[in-house]
Amino acid sequence: MLELWGIVIVFIVCPLLGALPLIAWLTQAITGRQLAQIGTGNISVSSAFYHGGTLVGILAVFSEAIKGIAAVLLTRAFFGEESAWELVALIGLVLGRYLAGKGAGTTNALWGFIVHDSLAAVFVLLLASASFTIVRSRQLAKFGILVLFPLIVALLHYEDPARIVAAVGLAGLLAWIYKQIPDDLNLPVEEAQKESQAAFKFFRGNQDILTLDDELDAAVVGQKAARLAEMKRWGYPVPKGWLIPPYENPEPLIEMLQPSELLPFVVRSSAIGEDTELASAAGQYETVLNVTSKQELRDAIARCRSSYDSQSAIQYRRDRALFDAAMAVLIQQQVQGVYSGVAFTRDPITKQGDAIVIEALPGNAVGVVSGRVTPEQYRAYVFETDHFTSIQLEGQGNVPAALIKQVAYLSRHLEERYHGIPQDIEWTYDGQTLWVLQTRPITTLLPIWTRKIAAEVIPGLIRPLTWSINRPLTCGVWGGIFALVLGQRAVGLDFNQTATLHYSRSYFNATLLGAIFRRMGLPPESLEFLTRGAKMSKPPIKTTLRNLPGLVRLLLREFCLSLNFNWDNRRRFVPALSELGQEPVENLDPARLLARINFILELLRRATYYSILAPLSAALRQAIFQVKDGEIDNSQTPEVEALRAIQDLAVNARQILAEFDPDKVFEQLAQTPEGQEILNKFDKLLQRYGYLSEVGTDIAVPTWKEESQALKQLFVQFIQTNEPPKHQNRQGKSKRNRGFVQKRVNLKGRVTEVYSQLLAELRWCFVALEQVWLKSGLLEQPGDIFFLEFEQVRRLVESFEPDFVEQLQDLVQLRRTQLAQDSQLNPVPLLVYGNNPPAFPFRTTIPVPDHVLQGIPASPGQAEGRVKVLRNLQDVADIDQDIILVVPYTDSGWAPLLVRAGGLIAEAGGRLSHGAIIAREYGIPAIMDVKGATWLLQDGQKVRIDGYRGIVEISNDLRPDLRAE
């Protein structure tokens, strides 16, 4: 029983003891300063000395020493002297210290270890003191102790393996913490409390000379140097370089380097805040070339540093609301370039297309960036698949084409390394090696807006009313999910900027989402991985561990998702939908319609949460348990359920109709009692699934209840085929694994039903309101209401504003014209760079190697047929098994058309999109995410699709009637 209490002390009391912020309390009580808000933000002994002075520092040492001693003595009372449990207690103490106070816990561990094993502590301190006095390297001494301390424990106590393991664990924890938090001893000595400066100078030791071979922190040495070091680690050729951090004495480095005429150096700025996504600071700071002597090097460093405080640089930072920080100085070996230049991985002028713009000339890169010489300009297009790489080049000049292609290839891969953010790259070629001198984001092309995923969430042309409702709902839910994980790290992120409209289509902010996922410790492509089955890189382990509490909170939400939805469904959704169904909207006046709309929107706020989290949860479980798409039963998905019901009804109708005319099926059924029963069941089915539409998330699109022609055509086609309903054989992973995934897929289907029903009810309210205004003359034609934003609708209902009413028709007409103009845009840009894209984006050539298009394999099988391009859902009667449908996107309302085709190609979507699910259920080969499919492929063109590999093989063979066109 005594040892049980000892374990409680070790694992609960010690971490809580470590978490006590005694240093913070002492510093605030004596000086009024809050350590967490100044300097490095650490609450440590060194920060107490630095910001509070000698008295505060000494008290901090005593307070932390007492903690370490107390932890050991408390543990000793339960486990006896020199037990391994004493070191485990110190591990708990240090961990609590780090998690709660952002301190390393060195003082706690030191004094605790002295009490635990005095002999070993004396050996460690003597060797550490001697080595630091001789070598004067703080880093070497700090990490040397962590190696020495468990080694001495092992030598003195080789018979006690538990103690050795605990010592290694404590040393490993301290080493990991040292890597996670900034060192207060790196702060400028001049800004420390005067009485502490001498001690700081001593304990700082000789500063280690930083090089581009080190892992550099952009917050200390600036983004330029940090990126060059990063590229060097990745294996890119970067000239050798050294760093002088802000406020550091450059003399040790000057003494070490030997500049000469044969080995000149270049001195460059690497200011904190330079070359970031917020500001490039191009041309603001001094760069000195051809440094050939120590004195020239000394002068160049001084010139570079002084340029940070130049009037133009200060004004530049003020104009962009950037804080004054500090500047590191980068010294590199100067490459004698034969050809040099810059490369923009996206065109910064047109802000569109896939062209890499390359400017080049003989000599070094200064001539290009200075603007004094007109360089040769080239445009390159890099097309790459798993088995094919093609580089097309536009432009001619004196620079070898092979070199320009090499620059293009390197540039595109660097952009991919930096998460698709367009890069401005300086390069030089010395006759043997293509060197990277610098890369930075093209700030004018940020943020990047993407149609990927957005084209699935809310596809097609979007009207103002739909967007004014959907955007706050979806952005609000996503913001809540991100804030749940990030906690305080979410401060400064504007989740309302997650999505926007360009060309009347929805786009997601890829730049913001990437930054959010990186803050969460997840790869920037995480959302694409979960929703579309794309490949995902390994997450950065440090950030993931930092966000572990938030990720655990999110996983708890996921674990309780079904329970929470069942509760809300019983208490909110089912009663509300029942109440809405009992009161026809046609009987309500505008005020009551608005009240009904507000009621539905309140329900949608909660339903949107489930509509986002349920598919993500299903995808996450499928990825974890490695359950294949074909092993999942989607029968509870509304569109699949509706299709199965129609197919069953068609089988019964075929038994009644021995002979029939496809154009008169419904008339023939009405002639017999059995046929009338079939028609009654069809009407009930239409009422049951009438809430579905071409775009389930767009309230401007009519529902099946309003326009049922496509459903009737599908019913007739099922009668014609006279095939029994298909039932897939679900086999593969263990039943238990499939069960975990299937539960979430079933939940997703139920959530989709509720969410779609609420959106349909919302649409019907607005349609009823529009009818009132059409009769009164406020609006002129059906559909006008969807060209108003929701707040404008609210204003018209709640108050009569003559000026607004007078402008109403002009506003609606202007927006109608814009939508009509945007509808002619083809292809729709997949990516938009910056907040002000060109009004009329031009078509960019997409290289098609060997007439093959690549996409995401979404439904297995192979099919060959003629192309039919549909850019929106329309009445198409001639779709059969010989037709390969090519569409921009798929939603639940497309199901009646999809099941009639022999194959499916979609520009947007992934394995979990509506089209992919329908295709798998009915055994139709399908390929999603085929870039530019609706304009690269032509009606009547012959194609062969492979749903296993995601490949579309194109033939130039057109039908005879199309060749003459």
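Since the model is a prediction, treat every value here as computed from it, not as a measurement.
Among all heavy-atom pairs drawn from Gln332 and Leu212, the shortest one is NE2-CD1, 3.7 Å. The nearest pair of heavy atoms linking Cys304 to Ser307 is O-OG, 2.5 Å. Here the closest non-hydrogen pair linking Leu446 and Pro422 is CD2-CD, 4.3 Å. Residues Leu393 and Ala401 share a closest heavy-atom pair of CD2-CB, 3.9 Å. Val221 and Ser270 get closest at one heavy-atom pair: O-OG, 2.7 Å. For Ile421 against Pro441, the heavy-atom pair with the smallest separation is CG2-CB, 4.0 Å.
In this structure, the side chain of Glu394 does not engage the main chain of Ala380 through any donor-acceptor pair within 3.5 Å. Distance alone, capped at 3.5 Å, is enough to place a donor-acceptor pair between the Asn509 side chain and the Gln497 backbone. With hydrogens and angles ignored, the 3.5 Å screen pairs no side-chain donor or acceptor of Lys405 with any backbone N or O of Ser390. Looking only at distances, a side-chain donor or acceptor of Asn249 sits under 3.5 Å from a matching main-chain atom of Glu251. Not one N or O on the side chain of Lys294 forms a donor-acceptor pair closer than 3.5 Å with the backbone of Pro259. Checked by atom type and distance alone, the side chain of Lys224 never pairs as donor or acceptor with a backbone atom of Ala271 at under 3.5 Å. Side-chain atoms of Arg471 come within 3.5 Å of backbone atoms of Asn496 as a donor-acceptor pair (strictly under, hydrogens ignored). Formation of a donor-acceptor pair under 3.5 Å by the Asp299 side chain with backbone atoms of Glu296 is not found in this model.
Annotation: the span from Ile244 atom CD1 to Ile301 atom CD1 amounts to 3.5 Å, rounded to 0.5 Å. Taken to the nearest 0.5 Å, the CD atom of Gln406 stands 10.5 Å off from the OG atom of Ser411. Between atom OG1 of residue Thr444 and atom CG of residue Asn835 there is a gap of 11.5 Å, rounded to the nearest 0.5 Å. Atom CD of Glu261 is separated from atom CG of Asn290 by 8.5 Å, given to the nearest 0.5 angstrom. In this structure, Leu484 CG and Leu554 CG are separated by 6.0 Å, a value rounded to the nearest 0.5 Å. Separation of atoms CD1 (Ile856) and CG (Asp929) is listed at 4.5 Å; rounding is to 0.5 Å.
Checking each of Thr500, Thr474, Thr450, Ile448 against Phe508 for a side chain to side chain contact (heavy atoms under 4.5 Å, CB included) leaves exactly one that passes, namely Thr450.
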Verify side chain to side chain contact (heavy atoms under 4.5 Å, CB included) between Gln336 and Gln334, making sure each step is shown before the conclusion.
CA-CA 6 Å; Gln336 301 302 318; Gln334 185 169 320; 4.0 Å; yes

Pair Trp435-Asp430, side chain to side chain contact (heavy atoms under 4.5 Å, CB included): steps then yes or no: CA-CA 8 Å; Trp435 298 93; Asp430 63 3; 3.0 Å; yes

Quick one, Thr439 with Gln423, criterion side-chain hydrogen bond (donor to acceptor under 3.5 Å, both in side chains). Give me CA distance, side-chain angles, the key distance, then yes/no.
CA-CA 6 Å; Thr439 186; Gln423 298 292 306; 2.7 Å; yes

Item checked: Test side chain to side chain contact (heavy atoms under 4.5 Å, CB included) applied to Leu434 and Leu403, step by step -> CA-CA 8 Å; Leu434 176 61; Leu403 175 60; 4.2 Å; yes

Before giving the answer on side-chain hydrogen bond (donor to acceptor under 3.5 Å, both in side chains), spell out for Arg268 and Gln438 the whole-Å C-alpha distance, their side-chain angles and the decisive distance to 0.1 Å. CA-CA 11 Å; Arg268 312 171 67 190; Gln438 176 177 314; 2.7 Å; yes

Could you go step by step and tell me if Val291 and Val288 meet the side chain to side chain contact (heavy atoms under 4.5 Å, CB included) rule? CA-CA 7 Å; Val291 176; Val288 184; 3.9 Å; yes

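Taking 4.5 Å as the limit, some side-chain heavy atom of Val832 sits within range of a side-chain heavy atom of Pro837. Within the 4.5 Å cutoff, the side chain of Tyr507 has heavy atoms near those of the Val828 side chain. Put simply, the side chain of Trp242 reaches to within 4.5 Å of the side chain of Gln333, judged on heavy atoms. Side chains of Val266 and Val335 form no contact here, defined as non-hydrogen atoms less than 4.5 Å apart. For the pair Thr211/Leu243, no side-chain contact is recorded, criterion being any heavy-atom separation below 4.5 Å from C-beta on. Side-chain contact between Gln258 and Leu263 is absent, with no heavy-atom pair separated by less than 4.5 Å. Within the 4.5 Å cutoff, no side-chain heavy atoms of Leu228 are placed close to those of Leu437. At a threshold of 4.5 Å between non-hydrogen side-chain atoms, the residues Arg505 and Asp822 count as touching.
Under a cut-off of 6.0 angstrom, the local environment of CG in Asn836 is sparse, with at most 12 non-hydrogen atoms contributed by other residues, nucleotides or ligands. Other residues, nucleotides and ligands contribute at most 12 non-hydrogen atoms within 6.0 Å of the CG atom of Asn398.
Listed by chain and number, the residues in a side chain to side chain contact (heavy atoms under 4.5 Å, CB included) with Thr498 are Cys475, Phe495, Leu512, Leu513 (sequence neighbours excluded).
Aromatic ring centres of Trp427 and Phe344: separated by at least 6.0 Å. Centroid-to-centroid, the aromatic rings of Tyr503 and Trp449 stay 6.0 Å apart or farther.
Taking the six-membered ring for Trp and thresholds of 30 and 60 degrees, Tyr308 and Tyr285 have nearly parallel ring planes, at less than 30 degrees apart. Between Trp234 and Tyr236, the ring-plane angle classifies as perpendicular under the 30° and 60° cut-offs.
Under a 4.0 Å N-O distance rule, the pair Lys232/Asp213 qualifies as a salt bridge. With respect to Arg227 and Glu230, no salt bridge is recorded, no charged nitrogen being found less than 4.0 Å from a carboxylate O. Classification of Asp354 and Lys931 as a salt-bridged pair holds, one side-chain N sitting under 4.0 Å from a carboxylate O. In summary, Asp347 and Arg379 engage in a salt bridge, as defined by a charged side-chain N under 4.0 Å from a carboxylate O. The residues Glu415 and Arg346 are annotated as salt-bridged, a charged nitrogen and a carboxylate oxygen being separated by less than 4.0 angstrom. A salt bridge does not link Arg451 with Glu907: none of the charged nitrogens is closer than 4.0 Å to a carboxylate oxygen.
For the residue pair Glu286 and Ser269, no side-chain donor N or O sits within less than 3.5 Å of a side-chain acceptor on the partner.
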